[in-house]
Amino acid sequence: MKSMKNTILIVDDEEIVKKSLRDVLKDEYDTLEAENGQEALDMLAMHAESIVVIVLDVVMPVMDGLSFLEHFRNHQEYNNIPVIVATSNEDEGVEQKCLEYGVWDFVMKPYNPVLLQFRIKNVIDKSRMLMSERDPVTGLYTKLKFYQKVRHMLTEAVGEKFAFVRIDIDRFKMINNFYGIKEGDKVLLAIAKELIRISSVFDYFVYARLENDVFACCLPYREENIELLVNDLQINLKKVNKDYNIKVSCGVYVINDYNMDVSEMYDRAYLAAKTCKGKFVQNVAYYDESMIEDMRQEQFVINAVNKAIEEEQFVVYLQPKVNLVTGKPYGAEALVRWMHPKQGMIAPGEFIPIYERNGIIGRLDQYMWKSVCKLLRRWIDEGRNPDPISVNVSRVNIYNPHLVEILNKLITEYRIPPQLLNLEITESAFMEDQALVMKTMKRLHNLGFKIMMDDFGSGYSSLNVLKDMDVDYLKIDMKFLQQDDEFNGKGEKVLTSVVRMAKWLHLPSIVEGVETEEQVDFLKCIGCEYAQGFYYAKPMPVVDYEMYIARERRKEDQSSMNENASMISELWNTRSAVSMLFEALDVPVAIYEYRNDKIEMLRSNTLYERYINIENRELQRKEKEELRKVFSRIAIGNYDYHVEVDRENNKRYRISAKVLGKRTNTLVIMVTYMDIS
Ligand code: C2E
Ligand code: CA
Ligand code: CA
């Protein structure tokens, strides 16, 4: 008959020591004995369930105590088994190492039997408290116990191929929230019941509830077995409540390394499970090696973030937005790019979703806001008169209680007019706690910020949200059109009515992802106000954007100059209204032609003639020199220019020059003088 006593594993290479221990402990405990660390690990694999304490010698052949501890610690399923280390000399180094490995207690060799028994009893009591074997809701094993059971089964059934399966319930939180905890427990119990039922089908089957809505099992691997498990679960869970559909996601790791720690098997099954999350049909996903690669990449991305922020590896790219009515650019969206010193440019798709999952995105956002504020400050200082730049505000920041404060501090520090820093908030972030978001938006509005609802149409929000949410612009993704080719034009109708409805709410729309001329025509046709997309420009580095804007503004000047051409011909007509106006201005005004560095006056008003004083040759020469300088500046692209000059009788004038028209090699320039003395 099997003994009901607890088992103590004695790990020691000296027979005489083991015998004395056996004698001391035999009344109360069973004992198992191992010669060295390796033997001890083997015994654990077989008997971990019954072992309550390990008494460990440090100095042993084959595998000594410290190496044993190093292996032992890596097995999560043994975490609850206390280790008492026997020391004969006071080697502080060893003792410290032991403590690092999580050793519970020490005894001195040779053993004092009474003391030893006390120490053993103490650690057993403590470990009992730490480890409860059964989950109170379902009665299934808890994690540690389950890991032990798995290890035991794998060791026992040598030669059999096993799979480790992680099972969890999609949107379990929602069931809890909508139907109450009791209903949630009902679902958990239903799964437990199913697992118990299925366990009778297989010779080997261990299962447990690991946490919340996560279950796991380990069973002989054959594809049919997995199918059976998943189908049974799926079918029987449907019966729990007809009001909602329960979907489980199963991640499967087909075990190929039987020495791997059980917790690592779990990790692999989990990686697989993640790939079926959020997909409507897929219930099962198998682990493959690329997933561990993805996980390493994820780890890399997370670990590198501090350094990347410190070393300013994240840079701002800008993608222009275009006003569809005027055809002119109006501001841009700031998009992050990661310039990694070794890997080169990393696209946001590779790190933003990861940072979003674990909250790091909050810091990255703030880094971007600051970069954009610095940029705006520089542009203002350089007299560039910038258009608004929008930045992305992710969910964690929307729910960050300091958001308003942080943004306010930034615009104060960099002296940025708030209407220049627009905030893009993704539609889905509005949904969790609408009241809170509304309050935050109100405070942002009070400070003068403009808010855009980003990715509208990509999520679940209804049109109703728009009416309640006080945003200033609507950003709609063109991709949401492309998705449904097969719905023959339905998407276009939806887009049309969304843009119309936005108009009723006095919300200008910005459509992003615009790639073709047809799309642009369509958008103009339905009255959409702004567009953003590769058709106009890809996101670009700041210098490129500066050049882009300079180029576009020059184009604008040019086209407004063409309009001016007719006005200029009016000027020569002495009886025209324009001419009368010219004469009526009460400042000196003249029109010059500038060609190949020669200047020639075409026309002036009487005040100008008085100012320049036809009699005074010297003044005329000086004046021409001044104007030549001004015009040469204008010729290289400064279409508006002014200088201040000192003249006789302590007079000081501000000379302003403005290009009215341009023909090949020739500029027509208007000059006005203002007395500022
Ligand atoms: P988003 O906010 O919707 O940004 C628009 C994305 O669409 C950008 O991708 C942009 O390059 C891309 N795009 C623009 N025009 C076109 C087009 O014509 N065709 C196509 N196919 N794509 C176009 P990007 O830069 O790769 O960024 C992807 C997402 O990453 C962004 O989507 C945004 O959600 C996030 N993201 C980027 N930068 C930041 C940031 O600084 N902070 C935060 N929180 N998220 C960011
Ligand atoms: Ca955006
Ligand atoms: Ca977007």
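As the structure lists them, so they are numbered: ligands from 1, and atoms in each ligand from 1. We number each residue from 1, following the sequence as shown.
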Report summary line: Under 4.0 Å from ligand 1, residues with heavy atoms, in chain and number order, are Gln319, Glu333, Leu335, Val336, Arg337, Pro348, Ile352, Ile361, Asp365, Met368, Asn392, Ser394, Asp454, Asp455, Glu512, Gly513, Val514, Glu515, Gly533, Phe534, Pro539

Query raised in the report: How about Tyr244 and Tyr179: are their ring centres within less than 6.0 Å of each other?
Result: yes

Report summary line: Residue pairs passing the salt bridge (Lys or Arg N to Asp or Glu O under 4.0 Å) test with at least one member in residues 340-355, sequence neighbours excluded, are none

Report task. Kindly say whether the aromatic ring centers of His340 and Phe300 come within a distance under 6.0 Å. Result -> yes

Query raised in the report: Around the Ca ion (ligand 2), what protein N, O or S atoms are found below 3.0 Å?
Result: Glu333 OE2, Asn392 OD1, Glu424 OE1, Asp454 OD2

Under 3.5 Å, sequence neighbours excluded: what are the donor-acceptor pairs made by side chains of residues 318-332?
residue : atom : partner : partner atom : Å
Gln319  : OE1  : Gln532  : NE2          : 2.8
Gln319  : NE2  : Ala537  : O            : 3.0
Lys321  : NZ   : Ser390  : OG           : 2.8
Lys321  : NZ   : Glu424  : OE2          : 3.3
Asn323  : OD1  : Val325  : N            : 2.8
Asn323  : OD1  : Thr326  : N            : 3.2
Thr326  : OG1  : Lys328  : N            : 3.2

Requested in this report: Establish, yes or no, whether a centroid distance under 6.0 Å links the rings of Tyr414 and Trp369.
Outcome: no

Query raised in the report: Does a side chain donor of either Ser249 or Asp170 reach within less than 3.5 Å of an acceptor in the other side chain?
Result: yes

Query raised in the report: Quick check, are the ring centers of Phe314 and Phe351 under 6.0 angstrom apart?
Result: yes

**Report entry** N-O pairing of Lys475 and Glu427 below 4.0 Å
**Finding:** no

Report summary line: To the nearest 0.5 Å, atom CZ of Arg395 lies from atom CD1 of Ile425 at 11.5 Å

